[in-house]
Amino acid sequence: MLELAPSPPPPPTPSLRRDLPRNFDFSLLANCRTVRETKQVHALSLKTGAFDHPPTAAKLLALYAGPEINDLRYARSVFDQIPQPALPSWNVIIKCCVENRHSHDALCLFRELVRDFTPDGFTLPCVIKGCARLSAVEEGKQIHGLALKIGLGSDKFVESSLVSMYSKCGCIASARKVFDGMDDKDLVCWNALIDGYARCGEIEQALEVFNEMPERDAFSWTVLVDGLSKCGKVEAAREIFEKMPSRSLVSWNAMINGYMKSGNFNSARKLFEDMRMRDLITWNSMIAGYDLNGRFREALDMFNCLIKEGFTPNHATLVCALSSVSGLATLSMGSCIHSYMVKNEHPLDGVLGTSLIEMYSKCGSIESALAIFHSISKKKLGHWTAIIVGLGMHGMASPALQLFGEMRKAGIKPNAITFVGVINACNHAGLVDHGRHYFEMMEKEYGIEPTAEHYGCLVDLLCRAGRVKEAKYVINTMPMKPNKVMWMSLLSGSRIQGNQKVGEYAARHVIELAPETIGCYIVLSNIYAAAGKWDKVSQVREMMKKKGIRKEPGCSSIEHKGMLHEFLVGDKSHLQTEQIYSKLTEMRERLKLAGHVPDTSQVLLCIEEEEVKETELENHSERLAIAFGLINVNPGSPIRIMKNLRVCNDCHSVTKLLSCIYDREIIVRDNSRFHHFKSGLCSCNDFW
DNA sequence: TTAGGGTTAG
């Protein structure tokens with residue numbers, strides 16, 4: 001008989017469970033309330049070896065991830081140091097990722113988790129919420145399948161999160177199916193369904209479900225208020241808001257947000273002022289709303305008030321504030337926010353890094369934008385795109401294209417916006433063939449279908465180079481209807497080439513699409529004037545008069561000592577007006593000595609006499625801003641100006657001369673790009 | 001010894 005060999009004793013499993021060291025008091029953890037306290041106990045746990053005791057590490061993780069501290073970075077670093085985390089610790093870190101908008105990380109963690117564990121009823125709602133945040137409906141469906149497989153298909157927490165996930169992903173029918181199959185319908189799933197109907201604009205259905213509910217609490221009313229205002233029915237939302245039996249802070253916030261998004265700033269402001277208590281979301285809704293609607297100054301005023309009232313801005317606040325700074329080009333305000341971010345250790349490896357790069361390039365400091373870009377170790381697509389767009393705006397095509405090459409080498413796949421940046425960079429430098437090359441690369445190598453914006457770039461690229469016939473061919477053969485911008489490009493291109501026929505053709509289309517476009521009449525009349533067709537010039541003038549079209553007043557601004565100074569054409573409202581106008585006189589004399597002859601060809605046609613035209617040029621808003629800068633900005637510092645319109649030819653040559661005469665760097669942001677004037681030259685090489 | 005779903009900003 002064959003004797004079986006006795007099975008060898010199992011190898012000793014290395015025990016992870018260590019006893020708590022005597023010199024560490026576990027109850028310390030129970031008393032931690034702040035990050036500071038938690039960090040102290042954390043340090044002690046590392047020093048005494050208590051961190052190796054799994055309950056200690058788990059508790060530390062829960063503290064960092066919990067609602068009071070909620071610091072994903074610390075939570076993640078603790079989690080990563082736990083050798084074999086138990087399922088609850090996985091659940092904690094996954095939830096923390098989702099709450100902090102790192103749902104992609106949450107899904108990656110989940111994939112790791114299922115290798116060793118069967119997820120439980122705590123895990124699934126968190127990952128399903130993560131899918132909802134990412135609109136990852138396919139992944140959501142897979143997890144739905146998994147839930148059914150492991151017997152969690154009728155867990156009411158899982159079911160509610162599925163209703164919510166399908167609703168948020170626009171699959172309202174699937175949401176309804178899960179809802180209808182639920183045995184135990186509590187308030188949460190009813191609310192999720194109302195939210196779902198409201199989100200897809202099915203207001204009637206949302207109201208029907210609301211009325212069918214066995215009971216309603218404040219939460220359900222808020223869902224409805226938010227849903228209605230998000231569908232643009234802000235007045236209906238207000239009616240519900242007024243009818244609510246009790247209003248929570250969230251309902252006030254939802255109402256304010258609804259008003260702000262619809263541009264009803266007064267009503268929002270009124271509610272904001274009537275509130276007894278405000279939280280950071282209240283402030284963020286106001287700031288985001290102003291920023292979104294181009295009311296940058298009000299957004300920044302709000303931001304300053306928020307700081308004054310002792311609130312701590314978060315990631316969302318900073319993103320909006322930086323965007324408004326970019327809108328106004330107030331560099332010193334932007335630098336202040338940047339310093340604040342550094343001091344408070346806000347990481348730049350996400351959207352904030354992108355916002356900062358964008359802010360510095362839009363405020364004219366491409367050097368700072370580059371410095372931020374290079375300081376980010378894990379560069380993501382957004383960072384690359386922001387710097388490429390920024391360099392393009394500053395006319396720095398070759399570094400932009402070089403970085404684009406580096407980005408591709410690093411294995412980062414450009415998206416449609418990156419290509420807009422790349423082609424635009426070519427536009428501003430006149431690199432026609434490069435631009436075409438990248439336009440083709442987009443579809444061939446990356447399968448990105450060009451949008452109207454890309455075609456617009458291509459048309460602009462060809463037109464600026466005077467290749468009007470090719471541009472016209474593109475317009476006539478592209479798969480979408482040409483828009484106003486493309487026709488305007490073609491019109492400008494025709495002027496460069498002196499092609500009256502194509503010019504008239506393009507102008508006709510602009511007038512058809514947007515008859516209020518002032519630039520169209522001006523360029524057209526310039527084409528006629530250049531050909532000496534004065535009767536046509538007066539016809540255009542008559543047409544403008546009849547349509548009551550007026551020129552948008554030129555406005556230039558300059559920031560000095562934290563204040564924004566704005567100048568309109570011929571403005572005399574500034575406190576330093578007297579000094580500014582005597583500076584203008586001095587500038588005129590020095591320009592004359594330098595041999596400057598005013599180029600009056602672009603002055604609006606209604607002005608007849610040469611002398612009046614010249615005066616009009618001299619009072620252009622950017623000249624007033626330059627005069628202000630020469631008086632007030634420290635010698636040696638660049639003068640930074642922002643203008644709402646395109647810089648005119650005469651101002652362009654004058655600014656070049658002034659940079660030489662006064663030995664000053666002058667940086668001008670116009671409505672499409674930057675000009676760096678230095679030693680008599682401009683970075684755009686007179687190509688803009 | 002740790003933990004779950006529904007509303008407000010981004």
Side-chain angles (χ1 to χ4, degrees), chain A residues 17 20 26 29-30 53-67 75 78-79 82 85-96 98 100-101 119-129 132-133 152 155-165 167-168 175 178-179 182 185-196 198-199 217-227 229-230 237 247-258 260-261 278-289 291-292 313-321 323 350-352 355:
Chain A
R17 188 168 294 275
L20 195 64
F26 194 83
L29 284 161
H53 174 241
T56 303
K59 177 69 184 169
L60 272 169
L61 167 64
L63 281 169
Y64 283 128
V78 168
F79 178 81
I82 303 176
L87 185 56
S89 293
W90 284 91
N91 293 345
V92 168
I93 193 66
I94 288 176
K95 176 167 195 261
C96 189
V98 173
N100 289 285
R101 302 178 76 84
D120 63 9
F122 288 90
T123 324
L124 293 187
C126 292
V127 268
I128 294 171
K129 190 175 179 179
R133 287 260 166 111
L152 287 171
D155 178 296
K156 76 168 169 183
F157 288 91
V158 173
E159 288 178 308
S160 299
S161 43
L162 284 170
V163 172
S164 171
M165 184 272 295
S167 292
K168 292 199 172 80
V178 176
F179 176 85
M182 285 176 76
K185 295 189 178 73
D186 62 6
L187 270 175
V188 175
C189 64
W190 282 94
N191 291 337
L193 191 67
I194 297 174
D195 178 51
R199 268 171 206 268
D217 62 5
F219 213 111
S220 318
W221 291 83
T222 308
V223 171
L224 206 55
V225 167
D226 178 53
S229 64
K230 287 226 167 87
R247 294 178 201 107
S248 68
L249 178 56
V250 178
S251 35
W252 283 84
N253 286 349
M255 199 60 241
I256 286 184
N257 189 44
M260 287 305 284
K261 289 281 153 67
R278 302 179 188 123
D279 66 0
L280 190 58
I281 296 185
T282 322
W283 289 92
N284 285 357
S285 304
M286 293 296 292
I287 297 172
D291 176 58
L292 211 70
N314 66 3
H315 179 267
T317 328
L318 295 168
V319 169
C320 294
S323 157
V351 180
L352 270 179
S355 304

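By convention in this document, chain letters (A, B, ...) are assigned in the order of the sequence lines, proteins followed by strands, and residues within each chain are numbered from 1. Owing to the predicted nature of the structure, the values given are computational and were not obtained by experimental measurement.
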Could you give the CG-to-C1' distance, from Asn191(A) to dG6(B), as a whole number of Å?
5 Å
dG4(B) C1' sits how many Å from Ile128(A) CD1, rounded?
10 Å
Any base atoms under 4.0 Å from Ile281(A), or only sugar-phosphate, or nothing? Heavy atoms, all strands.
base
What does Asp279(A) touch in the nucleic acid at a heavy-atom separation under 4.0 angstrom: a base, only the sugar-phosphate, or nothing?
nothing
Would Trp190(A) count as stacked on dG6(B) if the rule is ring centres under 5.5 Å and plane angle under 30°?
no
Can Phe157(A) be said to stack with the base of dG4(B), given centres closer than 5.5 angstrom and planes under 30 degrees apart?
yes
Taking only the side-chain nitrogens and oxygens of Lys129(A), find out if one of them lies under 4.0 Å from OP1 or OP2 of dT7(B).
no
Below 4.0 Å: OP1/OP2 of dA9(B) and any side-chain N or O of Asn257(A)
yes
For the residue pair Lys59(A) and Phe26(A), would you count it as a cation-pi contact if the rule is NZ or CZ under 6.0 angstrom from the ring centre and within 45 degrees of the ring axis?
no
Using a 4.0 Å heavy-atom cut-off, does Lys168(A) contact any base of the nucleic acid, only the sugar-phosphate backbone, or nothing at all?
sugar-phosphate
Given dA3(B), dG5(B), dT8(B), the nucleotide with the shortest approach to the side chain of Val250(A)
dT8(B)
Interatomic distance where CG belongs to Leu224(A) and P belongs to dT8(B) [whole Å]:
13 Å
Do any side-chain nitrogens or oxygens of Lys261(A) fall under 4.0 Å of OP1 or OP2 in dG10(B)?
yes
Scan Arg247(A) against the nucleic acid and name what it touches under 4.0 Å (heavy atoms): base, sugar-phosphate only, or nothing.
nothing
Using whole Å, what does the distance between atom C1' of nucleotide dT8(B) and atom CE of Met255(A) come to?
12 Å
Under 4.0 Å between a side-chain N/O of Lys230(A) and OP1 or OP2 of dT8(B), yes or no?
yes
Measure the distance from CZ on Arg199(A) to P on dG6(B) and round it to the nearest whole Å.
10 Å
Of the nucleotides dG5(B), dT8(B), dT1(B), which one has an atom closest to the side chain of Ala254(A)?
dT8(B)
Donor-acceptor pair present, Ser160(A) side chain and dG5(B) base, under 3.5 Å
yes
When only distance counts, do a donor and an acceptor, one from the side chain of Asp226(A) and one from the base of dT7(B), lie under 3.5 Å apart?
no
What does Pro88(A) touch in the nucleic acid at a heavy-atom separation under 4.0 angstrom: a base, only the sugar-phosphate, or nothing?
base
Side chain of Ala62(A) only, please: which of dG4(B), dT2(B), dA9(B) is the nearest?
dT2(B)
Using atom CG of Asp120(A) as one end and atom P of dG5(B) as the other, report the distance to the nearest whole Å.
12 Å
Distance criterion of 3.5 Å, no angle test: do you see the side chain of Asp186(A) paired donor-to-acceptor with the base of dG6(B)?
no
Can you give me every donor-acceptor pair (side chain of residues 279-289 of chain A, partner residue at least two apart or in another chain, under 3.5 Å) with its distance?
| residue | atom | partner | partner atom | Å |
| --- | --- | --- | --- | --- |
| Asp279(A) | OD1 | Asn253(A) | ND2 | 3.1 |
| Asp279(A) | OD1 | Ile281(A) | N | 3.1 |
| Asp279(A) | OD1 | Thr282(A) | N | 3.0 |
| Asp279(A) | OD1 | Thr282(A) | OG1 | 2.8 |
| Thr282(A) | OG1 | Asn253(A) | OD1 | 2.8 |
| Thr282(A) | OG1 | Asp279(A) | N | 2.9 |
| Thr282(A) | OG1 | Asp279(A) | O | 3.1 |
| Asn284(A) | OD1 | Thr317(A) | OG1 | 2.8 |
| Asn284(A) | ND2 | Asn314(A) | OD1 | 3.3 |
| Asn284(A) | ND2 | Thr317(A) | OG1 | 3.4 |
| Ser285(A) | OG | Ile281(A) | O | 2.7 |

Testing dG4(B), dG10(B), dA9(B) for proximity to the side chain of Cys320(A), the answer is dG10(B)
Could you grab the distance from atom CG of Leu162(A) to atom CE of Met182(A), nearest 0.5 Å is fine?
9.0 Å
Sugar-phosphate, base or nothing in reach of Asn91(A), heavy atoms under 4.0 Å
base
Choosing from dG6(B), dG5(B), dT2(B), which nucleotide comes nearest the side chain of Ala58(A)?
dT2(B)
Answer with yes or no whether the side chains of Lys168(A) and Ser164(A) bring together a donor and an acceptor at under 3.5 Å.
yes
In whole angstrom, give the distance that lies between atom CH2 of Trp283(A) and atom C1' of dG10(B).
18 Å
Heavy atoms only, 4.0 Å cut-off, all strands: where does Asp291(A) land among base, sugar-phosphate and nothing?
nothing
Asn284(A) side chain, from C-beta outward: closest of dT7(B), dA9(B), dG4(B):
dA9(B)
Closer than 3.5 angstrom, by distance alone: can the side chain of Ser323(A) be matched with the main-chain N or O of Val319(A) as a donor-acceptor pair?
no
Closest listed nucleotide, where the reference is the side chain of Lys59(A) and the choices are dT7(B), dT2(B), dG4(B)
dT2(B)
Write down the distance between CD (Glu159(A)) and C1' (dG4(B)), rounded to a whole number of angstrom.
14 Å
Could you tell me whether a side-chain N or O of Ser251(A) sits under 3.5 Å from a main-chain N or O of Arg247(A), the two making a donor and an acceptor?
no
Base, sugar-phosphate alone, or nothing: which one does Ser89(A) contact when heavy atoms must sit under 4.0 Å apart?
base
Residues passing the salt bridge (charged side-chain N to carboxylate O under 4.0 Å, His left out) test with Lys95(A), sequence neighbours excluded, are none
Starting the side chain at C-beta, find the nucleotide from dG5(B), dT1(B), dT7(B) nearest to Lys156(A).
dG5(B)
